[in-house]
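Report on one structure; see the data block that follows.
Below, read A as the first sequence line, B as the second, and so on, with proteins coming before strands; counting in each chain starts at 1. Because the structure is a prediction, the values reported are computed rather than measured.
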Amino acid sequence: MIQIRIHGRGGQGVVTAAELLALAAFKEGYFAQAFPAFGVERSGAPIQSFVRIDNQAIITREQIQEPDILIIQDASLLHSSEVLFGIKKNTKLIINSPENPKTISQLLNKKIPAKNITSSPATEIALRLLGKNIVNTVILGAFIKQNKIIKLKSLLSAISEKFAEKDQSLINKNKAAITEAYTYVRK
Amino acid sequence: MKKNIKTQFLEGSNAVSLTIANIQPDVVSAYPITPQTHIVEDLAKFKAQGKANYEYLRAESEFAAASIVVGASATGSRVYSATSSQGLVLMMEVLYNASGLRLPVVMTVANRAVGGPISIWNDHSDAMAMRDASWTMFFAENHQEAVDLHIIAYKLAEEFNLPATVNIDGFILTHSFENVIIPSKSDIKKFLPSYKPALGTYLNPKKPVTLGAFFTPEHFWLEKKRIDEDLKHIITVFPKYYKDWKNILPSPISVKACLDDGLTEYCGPKNPSTLLVAMGSVVGTIKETLRHNKNVGILKIRSYRPFPKKSLQKIAYQCKHIAVIEKAMSSGAYGPLYSDVAASLPHFKGITSNHIVGLGGRDINIKTIQNIIKSAKRAQIKFW
């Protein structure tokens, strides 16, 4: 079982990101589970969401205590003790940040080595392609690149399904942003 | 598995609303409250999109919503409502009337703590507030059970003329996504025929009747006794109905239960030394904790009302320790489930303990369950 914990702030689509990842995994034939941990329901409050992916039915409901993968949508949360709670030796991190993995590892007092960190300039991509700082879909492109669990195709298909009632141009923009985050190479 | 059956990946609320739409009620009325909101929003949307034929009435309060479905049910309609927490408490007077008038109202309770202090999160204090309202009360462990139990709830409600509620843990089930199979209208029809009460049993000018009349002391107790007998009678038919339904619709969940009579489900060794008893979504986390445990078993109470005394006795009398894990507390006494379990086992010689968990959304993790098992050798009541 792979356990993923996503951290962000209210209004950033933290919950939707978990749903999209799990839906993409389901499309590949996995059992999946996605659920949120709402704090107070207001914009800007730290929020977590959780994803489990497995080959067999997932029955546990506990919040993820020891994540295999951490996704941080908002770098300002990096210093909150909740974010690094329960990390293991091999926990991987995907973070929305223009900084390189080495700098981020130093910011974390090397609790996660640079080789396990993928940093994605998701805010920059989102502002350019979506016109607003909503990075939840964008950062999933970086997730797909780092972890070969789910194919890009399945994630794009999950976007089409989840946003089916939204404007087609919005769907296309999100897909383009995900693809850019997926193909992004840090110079 | 049958070819036409398709597993979908859905939010719990969405799974419930799609199932309700396929059950085809005549009247839906509700007032939105967290965490029930997505269910009633979905049902309103289906109606607005022309995908459903029910009358949808958004009430001005939960008291009104409950009154609307009680009134509609009294005219012989199949009805549905859903609520949570303070909303359920506001309905309370009407809930007692629904059972007293013998109306087959079906309602989802998306379980949430009753304030104050204010909490939007999950526990079972709302369900326990209606425990004595003479409703059938079921608790779902996962999305598939939530789906199945709604269909069984309608079947039993309409056959026994008693209202029924399906409890699903707020957020944990209502806002989570997982694999689930939604039955089609025709699948449901095989088990649950259209609701056609006999003329003279509901309000109809062709054959006028009185519902909810005044009962003098000579008759009131007899009516209450009859409701109790009818509720208990459900215990005898539930296992067959559950089996019949599961033959129509399989589950995507592969965890095999050792014993499953519908009312309860037991997972664990043949002769457990410690038995855990619990309801709702926490049972999943308990099963995960016990995956390789050879001494401890878990009995899930699916039907809380009527209470499956015999199913419990069958397994419990062999054990040394019984630990009841529940998300509600009757302050000053015990947890409500513990009281029922203890009262059902007058000849039990071992040790019983009561563990109050998950109040107001407090996360229940595997470590907590492990610690509860360790402490089950002591007779005690403990908050975790």
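When each of B:Thr368, B:Leu173, B:Ile366 is checked for heavy-atom pairs under 4.5 Å with chain A, B:Ile366 comes out on top. Most heavy-atom pairs under 4.5 Å with chain A: of the set B:Gly361, B:Gly12, B:Ser176, this distinction falls to B:Ser176.
Under the side-chain contact (heavy atoms from CB on, under 4.5 Å) rule, A:Thr60 has a single partner from B:Thr289, B:Thr285, B:Ile286, B:Ile369, which is B:Thr285.
More than 12 heavy atoms of other residues, nucleotides or ligands sit less than 6.0 Å from atom NZ of A:Lys88. Other residues, nucleotides and ligands contribute at most 12 non-hydrogen atoms within 6.0 Å of the CZ atom of B:Arg362. The environment of NZ in A:Lys148 is crowded: more than 12 heavy-atom neighbours from other residues, nucleotides or ligands sit within 6.0 Å. In this structure, A:Gln106 places its CD atom where more than 12 heavy-atom neighbours from other residues, nucleotides or ligands lie under 6.0 Å away.
How far CZ of B:Phe171 is from CZ of A:Arg61: 15.0 Å, rounded to the nearest 0.5 Å. Residue B:Asn365 holds its CG atom at 12.5 Å from CD1 of A:Ile64, rounded to the nearest 0.5 Å. Expressed to the nearest 0.5 Å, how far CZ of B:Phe177 lies from CG of A:Leu20 amounts to 9.0 Å. Summarising the geometry, atom CD belonging to A:Glu165 is positioned 4.0 Å from atom NZ belonging to B:Lys45; distances are rounded to the nearest 0.5 Å.
Side chains of B:Glu288 and A:Ile58 form no contact here, defined as non-hydrogen atoms less than 4.5 Å apart. At least one side-chain heavy atom of A:Phe26 sits less than 4.5 Å from a side-chain heavy atom of B:Asn179.
Nearest heavy atom pair, residue A:Ala32 against residue B:Phe9, reads O-CE1, 3.3 Å.
There is no contact between B:Leu10 and chain A, counting heavy-atom distances below 4.5 Å. The contact between B:Gln8 and chain A is made entirely by backbone atoms, counting heavy-atom distances below 4.5 Å. Residue A:Glu19 touches chain B through both its backbone and its side chain, counting heavy-atom pairs closer than 4.5 Å.
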